[in-house]
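Read the structure below first, then the notes.
Everything numeric in this text was worked out from a predicted model, so none of it was measured.
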Amino acid sequence: MALLPLEGGFVFQPCGSELVDYHLVPKAGLGDPVLPGYIEEGVDVFSLRPRALPFRRIHRREYGEVWGFFFAAWPVAGETCPAPGGCWVRYGPEKAYYGEDGGGWEPVAFRRRFAYRFTWKGGAVWAPTRWLMKEYRLNTDAAAFRAAHPDPEAAGVVFVIHKVYRKPVLPPQPPSPVYCSEGEEEGSDCDIDDEERDELVLQLRALTEGNRVGALRRSSPSPAADMEYVQE
């Protein structure tokens with residue numbers, strides 16, 4: 001399906017409520033989609049490793065950031081779902097969406113979050129990854145959905161949108177420059193390493209403690225001074 005052009009500088013990255021109101025609900029036969037063709041169809045996100053999914057070129061950014069949207073017939077059953085090389089594991093609470101106007105007493109959709117983990121040795125050992133997924137599923141018990149689909153088991157009804165994405169890993173910031181005071185040349189003592197800095201701190205601490213003890217001694221009157229005061 002041909003994509004509708006977006007204005008210059010814009011990419012398709014809707015928030016959760018926009019996905020529900022303008023894509024998931026219309027796809028279930030409750031209205032016309034606003035931007036048809038921007039969500040992939042016929043892709044099983046659980047049959048491929050996340051990096052092998054067909055992400056659009058305009059949804060790939062620098063530092064490894066990528067995202068994509070995929071229609072699905074059914075939501076994940078349970079807390080985990082196996083996938084090649086690992087599994088998707090649910091985390092965090094579930095969120096409800098109450099329609100475009102935010103009103104109503106029953107939600108029209110729910111959102112769950114999943115994280116992809118590498119697994120080996122039959123799943124006994126696992127390691128986290130940067131791949132995440134948000135699952136938006138229709139509330140098939142809502143009155144509006146039941147009115148449109150008396151038989152929710154009917155084939156061809158889309159219940160779910162999966163957003164699979166990977167957040168960017170920003171490079172470390174360069175260290176702040178060390179400025180020497182005026183008159184000091186490059187390569188002078190202002191450029192010190194951690195060991196030299198620790199040694200200077202210890203010396204300063206010892207000097208401070210020595211000055212404190214000396215001050216206490218000077219402030220304490222000697223017995224001889226007291227005797228001279230009494231004799232006078």
Side-chain angles (χ1 to χ4, degrees), residues 1 3 11-25 27-28 35 37-97 107-142 145 152-173:
M1 181 181 296
L3 299 180
V11 294
F12 183 73
Q13 198 171 14
C15 64
S17 60
E18 293 171 338
L19 280 174
V20 171
D21 294 335
Y22 302 138
H23 299 277
L24 184 57
V25 170
K27 187 66 176 177
L35 291 175
Y38 277 90
I39 300 179
E40 303 292 343
E41 300 188 49
V43 178
D44 183 4
V45 298
F46 305 109
S47 65
L48 300 170
R49 294 175 181 265
R51 66 176 59 189
L53 292 172
F55 297 105
R56 298 180 183 271
R57 182 182 58 84
I58 59 175
H59 292 170
R60 296 180 181 270
R61 298 286 184 87
E62 57 183 358
Y63 306 125
E65 182 182 12
V66 62
W67 70 91
F69 302 91
F70 307 90
F71 280 122
W74 298 102
V76 175
E79 300 296 313
T80 62
C81 184
C87 66
W88 291 95
V89 180
R90 181 187 171 186
Y91 71 96
E94 187 173 72
K95 180 179 179 179
Y97 292 90
V108 298
F110 301 95
R111 185 209 68 191
R112 294 190 299 175
R113 295 179 292 177
F114 294 82
Y116 180 78
R117 295 176 176 178
F118 288 126
T119 59
W120 58 94
K121 294 185 178 181
V125 183
W126 60 272
T129 70
R130 292 190 291 119
W131 288 102
L132 302 173
M133 178 176 67
K134 294 180 180 179
E135 177 192 81
Y136 301 89
R137 77 179 190 279
L138 285 176
N139 180 14
T140 56
D141 294 328
F145 183 86
E153 302 292 333
V157 179
V158 173
F159 295 93
V160 175
I161 292 178
H162 288 127
K163 177 185 178 181
V164 182
Y165 62 102
R166 183 177 60 187
K167 294 183 177 181
V169 175
L170 301 179
Q173 296 294 328

**Prompt:** For Trp131 and Val66, what are the C-alpha separation, side-chain angles and deciding distance, and is it a side chain to side chain contact (heavy atoms under 4.5 Å, CB included)?
**Reply:** CA-CA 9 Å; Trp131 288 102; Val66 62; 3.5 Å; yes

**Asked** Which distance, rounded to the nearest 0.5 Å, do you find between the OG of Ser17 and the CZ of Arg111?
**Response** 11.0 Å

**Item:** Any side-chain heavy-atom pair of Pro75 and Phe110 under 4.5 Å
**Value:** no

**Request:** First locate atom CE of Met133, then atom SG of Cys81, and finally report the distance between them rounded to the nearest 0.5 Å.
**Result:** 7.0 Å

**Message:** Can you confirm whether Arg130 sits close enough to Pro168 that some side-chain heavy atom of one is under 4.5 Å from a side-chain heavy atom of the other?
**Reply:** no

**Prompt:** Quick one: are Ile161 and Phe71 in side-chain contact, heavy atoms under 4.5 Å?
**Reply:** yes

**Message:** Just verifying a value: how many Å separate Arg60 CZ and Glu65 CD, rounded to the nearest 0.5 Å?
**Reply:** 12.0 Å

**Nearest-0.5 Å distance that lies between atom CZ in Arg166 and atom CG in Leu132** = 11.0 Å

**Message:** Testing the basics here: between Ile58 and Val11, what is the closest heavy-atom pair and its distance to 0.1 Å?
**Reply:** O-CG1, 4.1 Å

**Asked** Within the side chain of Tyr116, is there an N or O that forms a donor-acceptor pair under 3.5 Å with the backbone of Gly86?
**Response** yes

**Message:** For the CZ atom on Arg51, are there more than 12 heavy atoms of other groups (residues, nucleotides or ligands in this structure) within a distance under 6.0 Å?
**Reply:** no

**Item:** Residue pair Val108, Asn139: steps toward the side chain to side chain contact (heavy atoms under 4.5 Å, CB included) verdict
**Value:** CA-CA 5 Å; Val108 298; Asn139 180 14; 5.6 Å; no

**Asked** Does Ile39 reach the side chain of Leu19, with side-chain heavy atoms less than 4.5 Å apart?
**Response** yes

**Message:** Has Arg137 got a side-chain atom pairing as donor or acceptor with Phe159's backbone, closer than 3.5 angstrom?
**Reply:** no

**Message:** Ignoring hydrogens, what is the shortest heavy-atom contact between Ala142 and Pro107? Give both atom names and the distance.
**Reply:** CB-O, 3.8 Å

**Prompt:** Is there a donor-acceptor pair closer than 3.5 Å between any side-chain N or O of Arg112 and the backbone N or O of Val76?
**Reply:** yes

**Prompt:** Does the ring center of Phe55 lie less than 6.0 Å from the ring center of Trp67?
**Reply:** no

**Prompt:** Between Lys134 and Tyr136, is NZ or CZ placed under 6.0 angstrom from the six-membered ring centre and within 45° of the ring axis?
**Reply:** no

**Item:** Residue pair Trp88 / Phe46, side-chain heavy-atom distance below 4.5 Å
**Value:** yes

**Message:** I want to check something: taking the side chain as every heavy atom from C-beta on, are Phe114 and His162 in contact at a cut-off of under 4.5 Å?
**Reply:** no

**Message:** Check this for me, if you would: do Glu40 and Arg56 make a salt bridge, where the nitrogen-to-carboxylate-oxygen distance has to be below 4.0 angstrom?
**Reply:** yes

